[in-house]
Amino acid sequence: MRRDLLSVFFSIVFLALVHTAFSVDQQFEACEPKNCGNGLNISYPFWIQNNHPDYCGYPGFRVFCKNSKPILRVSNSDYILQDIFYRNQSFLVIDTGAIDNSCPAPLHNFTITGAPFEFGQNIVHLLILYNCTASYSDEYPVLCNTDPSLHSFAMLLPWGEFDYSMYSSKCSVVVDAPVELDGKLSSEAIAQRNYALFLRNGFVLKWTIDESTDCLRSGGRCGFDKGEFVCFCSDHPHSKHCNNGKSTKFNFFTSFAF
Ligand SMILES: *[C@@H]1O[C@H](CO)[C@@H](O)[C@H](O)[C@H]1NC(C)=O
Ligand SMILES: *[C@@H]1O[C@H](CO)[C@@H](O)[C@H](O)[C@H]1NC(C)=O
Ligand SMILES: *[C@@H]1O[C@H](CO)[C@@H](O)[C@H](O)[C@H]1NC(C)=O
Ligand SMILES: *[C@@H]1O[C@H](CO)[C@@H](O)[C@H](O)[C@H]1NC(C)=O
């Protein structure tokens with residue numbers, strides 16, 4: 001009798017060890033980096049709608065795929081997520097309207113109010129002024145969505161709070177787009193007086209949440225579940241990184257359920 005109990009006990013221990021050794025945590029698997037087809041791997045804090053479960057990233061970092069490209073919706077407009085720099089927690093976005101478009105000049109302002117982002121460095125305003133009764137120096141011509149009898153143009157202005165009133169009183173529409181003065185295409189844009197190249201270059205945004213380094217270093221995949229940061233590891237979710245305590249979501253007994 002005693003022997004039977006003992007062997008049952010060892011079988012359970014054995015099965016538990018086998019389970020721990022060979023089964024990879026489901027959430028860890030679900031949050032593996034994925035892409036939209038263009039090769040850019042998307043992972044926390046970003047996540048791909050209909051491809052990753054929502055716990056793989058933050059709500060404001062949801063990306064969807066369109067024409068094999070990851071798209072982030074910010075400021076009520078679609079931006080291509082062109083690159084992600086996990087090292088310095090920033091990413092490069094390009095207004096979808098600036099690409100493959102006979103009229104790359106945007107008709108919408110960009111704002112990060114309410115989004116968990118900050119602007120990167122070297123950002124300047126590209127002001128697009130439509131249908132103005134006056135012209136200004138240092139203009140970049142804008143030829144679409146315009147009235148040819150009036151003046152329409154773009155101009156660069158230093159970053160910062162800005163008073164548009166002197167322009168808006170003389171123009172029918174004023175649009176403010178962030179661009180980078182030191183982007184790859186900037187010197188061409190300036191030399192050719194081509195504002196569209198600034199837009200095609202995109203601009204860098206930073207994310208302001210910072211919890212991922214320890215988790216990634218320990219081999220985990222970060223996530224955000226039920227309002228809390230989680231580090232999904234191959235064994236089970238942890239609260240900070242794969243070598244520290246279990247996440248409050250982890251239950252000893254359910255981990256043995258097959
Ligand atoms: C994306 O991730 C996969 C799997 O981890 C890897 O094989 C591939 O090299 C990555 N691609 C890029 C462009 O980093
Ligand atoms: C992060 O690094 C990338 C690549 O080196 C760079 O292009 C980007 O501007 C950097 N981000 C910030 C916020 O400085
Ligand atoms: C500028 O005026 C033209 C002609 O009235 C109009 O078609 C165009 O939509 C206007 N542009 C903007 C940005 O409102
Ligand atoms: C963009 O923002 C400026 C400043 O707030 C405002 O004057 C302008 O009307 C806005 N343009 C559009 C198209 O909403």
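Just so you know, ligand 1 is whichever comes first in the structure, and atom 1 is the first atom listed for that ligand.
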message: Measuring from atom CH2 of Trp207 to atom OH of Tyr86, what distance do you get when rounded to the nearest 0.5 angstrom?
response: 6.0 Å
Distance from [atom] to nearest protein heavy atom, with residue and atom:
atom                    : result
atom 8 (C) of ligand 4  : Val174 O, 3.5 Å
atom 14 (O) of ligand 3 : Val173 CG2, 3.6 Å
atom 1 (C) of ligand 4  : Asn109 ND2, 1.5 Å
atom 7 (O) of ligand 3  : Thr146 O, 4.9 Å
atom 9 (O) of ligand 3  : Asn145 O, 4.2 Å
atom 2 (O) of ligand 2  : Asn88 ND2, 2.4 Å

message: Which label fits Tyr58 and Tyr44: parallel for a plane angle under 30°, tilted from 30 to 60°, or perpendicular past 60°?
response: tilted
field: Residue among Phe224, Phe117, Trp47 satisfying ring pair (Phe, Tyr, Trp, His ring centres under 6.0 Å) with Phe61
entry: Phe117
Between [Y] and [X], is the SG-SG gap under 2.5 Å?
X      : Y      : result
Cys132 : Cys171 : yes
Cys144 : Cys103 : yes
Cys56  : Cys31  : yes

task: May I ask you to list the atoms of ligand 2 that are less than 4.0 angstrom from any heavy atom of Ser90?
output: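 What qualifies from ligand 2 is 1 (C), 10 (C), 11 (N), 12 (C), 13 (C).
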- prompt: Which atoms of ligand 2 are found less than 4.0 Å from any heavy atom of Lys206?
  reply: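 Close to Lys206: 13 (C).
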Leu107, portion touching ligand 3 at heavy-atom distance under 4.0 Å: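 Contact part for Leu107 vs ligand 3: side chain (C-beta onward).
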field: Criterion side chain to side chain donor-acceptor pair (under 3.5 Å) on Asp176 and Tyr164, from CA distance to verdict
entry: CA-CA 9 Å; Asp176 181 8; Tyr164 298 82; 2.3 Å; yes
- prompt: Does Tyr130 reach ligand 3 with a nitrogen or oxygen that is under 3.5 Å from one of the ligand's nitrogen or oxygen atoms?
  reply: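 In fact, backbone or side chain, Tyr130 has no N or O that close.
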message: Between ligand 3 and Asn131, is the shortest N or O to N or O distance under 3.5 Å?
response: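 Yes; at least one N/O pair falls below 3.5 Å.
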- prompt: Can you check whether Cys242's main-chain N or O pairs, donor with acceptor, with Ser218's side chain at less than 3.5 Å?
  reply: yes
message: I want to confirm something. Looking only at heavy atoms, which of Leu129, Asp147, Val175 is nearest to atom 4 (C) of ligand 3?
response: Asp147
